[in-house]
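What's counted below: heavy atoms across the whole structure, side chains too, no hydrogens, waters or symmetry copies.
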2 protein chains.
Amino acid sequence: MNSHLDKINDFTARLDIETLTALNAISVEKIFKKGNFLLRQDEVCKKSYWIEKGIARKYYLNDGKEITTELYFDNDIAVSFDSYCLQKPSREYIQALTDTTILQTDFGAFQTAKQQFPKLAKLDLMMTEYYAMWLEDRLFQFHTMDATHRYLKLIEDHPYIIQNIPLTFIASYLGISLETLSRIRAKK
Amino acid sequence: MNSHLDKINDFTARLDIETLTALNAISVEKIFKKGNFLLRQDEVCKKSYWIEKGIARKYYLNDGKEITTELYFDNDIAVSFDSYCLQKPSREYIQALTDTTILQTDFGAFQTAKQQFPKLAKLDLMMTEYYAMWLEDRLFQFHTMDATHRYLKLIEDHPYIIQNIPLTFIASYLGISLETLSRIRAKK
DNA sequence: CGACATATTGAGATCCATCAACCAATGTGG
DNA sequence: CCACATTGGTTGATGGATCTCAATATGTCG
C-alpha cells in the first residue's frame, strides 16, 4: 500500500524546476487557528489543502451527529473529494484541530497548470489512485475487523494519534461509540 | 454522485475517431463462461475488463471466507484496483456469475496510448475519480446505516440484483451474514 | 475556584453472528 | 425414473458485541 505513497514522493522529488515553479505560483501558505474551518458544509471545495504542520479532520453531520471521515497530519492532503472533483457544494466540513500551517492550491489554477505541465496531470492521477486505495483499505477494515481490531490497527499505524486527538473524534472515525472506545482502551 | 458518471459517458461519446480507434486497437472481446475467473488471487491484473453483457463479482478470501467487494453488471468496468495500478499480485478474484461478454484492455498498451492521446489520460482520471467517489459512498453506508438500510438502499439502486445474484454474495457484499439477510427479506 | 469539555463506568436493550436443523429445487448416475 | 447429492434459502435458539442512557469522574482553562 505505502509503496504507492513512495512512488508519489519519488515522483514529486524528481519534478523539474519549471513544473515546481508553476505549482508554487498557484499555491499560498495560510495558517488556521485551532477550531477554525478550512471548509464548511455547502461551500464548494475550491482549494486542495496540503497540511504542512498541524492536525485537521474532515467530518459530516448525520442526524445531527458528527461523523469523522478522515484525520490529517503533517504532509497529508485534505479535500472534500466529491466537492473538489465536481466543484459542487460539500457535505463535509474540514476543521483544524490544532493551529495548522497549510499550503493551499487553487482548483481552477491547477486544472490550467495541468494542461501546460503534463507531470502535474500525472501527479493528480497518482494522488487520486492513492486515495482510492486508502478508501479500499478502510472499507476492508470495516468489512473484516471488529471495533477492537480497528482501534489496534489505527494506533499501530498512527501511534501519535491518541496523544493529539480527542477520543470523540477517534471513536467516530472508527465507526464506534465513544463509550465502546473507552472500554477497549481500558482493557489493553 | 451519478452526475460524474454522466460526465464520463458524455466525454466518451464525444471522443474523436483517432482516439477511439486507438482504444479499439488495444482492446479484445472475450467471453467468460459462468463460474470462470477473469482474474485469480496472486495474479497481476494486467487488463481492465469492460463488462459488455453479463454479471460478475470481485471478492477476496478472509479466514477462508469469501468477501464480495463489488458486483458488476452491463457497462461496468472491473479491475482489482491496487493490483492494476501497481501491477502487483492481486488479493482479489474476479469471477463471472453468468456467461459474460467482456472487452478487455491491456494495461501496458493503455499507458502507452495515454501518452499519445491525452483524452485517454483524462478518461483514466475521471474513471479513477468515479471509483473513489463510489468507495466514499460505500464507506458512508457502512458508517451510517444498519444491515436493513444497506439492503434497502441496494435494491433501490439495483432492483434487478435480487433476481440475478445468489443471496450469499449479496449478504457478503453488504457485510452481513446470509441468515440475517434472509430475515431482513422475510420481514418486508 | 468554578465551569465546561472530555473521559470513564454501569446496566439494560438491541443488533447481528453463529450453529444447527430443515426445506425446496435441480441435477446426476445407475 | 428413482435415489441421492448439491446448491440455495429459511427458520429457531443462543450468545456476544456494541449502543444507548445515565451517573460519575477527571481535566483544563479562564
Scan A:Lys34 against the nucleic acid and name what it touches under 4.0 Å (heavy atoms): base, sugar-phosphate only, or nothing.
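Contact class for A:Lys34: none.
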In whole angstrom, what separates [X]'s [atom1] from [N]'s [atom2]?
{"X": "B:Ile162", "N": "D:dT10", "atom1": "CD1", "atom2": "C1'", "result": "16 Å"}
{"X": "A:Leu181", "N": "D:dA17", "atom1": "CG", "atom2": "P", "result": "17 Å"}
{"X": "A:Leu178", "N": "D:dT18", "atom1": "CG", "atom2": "P", "result": "15 Å"}
{"X": "B:Ile184", "N": "D:dT11", "atom1": "CD1", "atom2": "P", "result": "14 Å"}
{"X": "B:Leu167", "N": "C:dA25", "atom1": "CG", "atom2": "P", "result": "16 Å"}
{"X": "B:Gln163", "N": "D:dG9", "atom1": "CD", "atom2": "C1'", "result": "16 Å"}
{"X": "B:Ile176", "N": "D:dT10", "atom1": "CD1", "atom2": "P", "result": "12 Å"}
{"X": "A:Ile170", "N": "C:dT6", "atom1": "CD1", "atom2": "P", "result": "13 Å"}

Could you tell me how the ring of B:Tyr130 sits relative to the ring of B:His4: parallel (under 30°), tilted (30 to 60°) or perpendicular (over 60°)?
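It falls in the parallel class, under 30°.
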Hey, what do you get for CH2 (B:Trp50) to CD (B:Glu29), rounding to the nearest 0.5 Å?
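Answer for the CH2-CD pair, B:Trp50 versus B:Glu29, is 9.0 Å.
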May I ask you to check whether over 12 heavy atoms, not counting those of A:Lys153, lie within 6.0 Å of atom NZ?
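Yes, because the 6.0 Å sphere around NZ of A:Lys153 holds more than 12 heavy atoms from other groups.
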Does a side-chain N or O from [X] land closer than 4.0 Å to OP1 or OP2 of [N], or not?
{"X": "A:Thr168", "N": "C:dA5", "result": "no"}
{"X": "B:Lys187", "N": "D:dT10", "result": "no"}
{"X": "A:Thr180", "N": "D:dC19", "result": "yes"}

Could you name each residue pair satisfying ring pair (Phe, Tyr, Trp, His ring centres under 6.0 Å) that touches residues 61-90 of chain A, not counting sequence neighbours?
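Of all non-adjacent pairs touching residues 61-90 of chain A, those that pass ring pair (Phe, Tyr, Trp, His ring centres under 6.0 Å) are A:Phe73-A:His158, A:Phe73-A:Tyr160, A:Phe81-A:Tyr131, A:Tyr84-A:Phe107.
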Is the positively charged end of B:Arg138 above the ring of B:Tyr173, judged by distance under 6.0 angstrom from the centroid and angle within 45° of the axis?
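Here B:Arg138 passes the 6.0 Å and 45° test against B:Tyr173.
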Axis-to-axis angle across the helix from C:dC1-D:dG30 to C:dG30-D:dC1, five pairs an end, to 10 degrees?
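The end-segment axes of the helix from C:dC1-D:dG30 to C:dG30-D:dC1 are tilted 30° relative to each other.
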Under 3.5 Å donor-acceptor pair, B:Glu179 side-chain atoms to C:dC16 base atoms:
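Result: no qualifying N/O pair found.
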Identify which nucleotide among D:dC19, D:dT10, C:dA7 has an atom closest to any side-chain atom of B:Arg185, counting heavy atoms from C-beta outward.
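Nearest to the side-chain atoms of B:Arg185, counting from C-beta on, is D:dT10.
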B:Arg183 side-chain proximity, nearest of C:dT18, C:dA7, D:dT10
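Nearest nucleotide to the side chain: C:dT18.
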When you check the side-chain N and O atoms of B:Tyr151 and B:Arg185, is any donor under 3.5 Å from an acceptor?
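B:Arg185 and B:Tyr151 do have a side-chain donor-acceptor pair below 3.5 Å.
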A:Ser90 side chain to A:Ser80 side chain, donor-acceptor N/O pair below 3.5 angstrom:
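The answer is yes; a qualifying pair exists.
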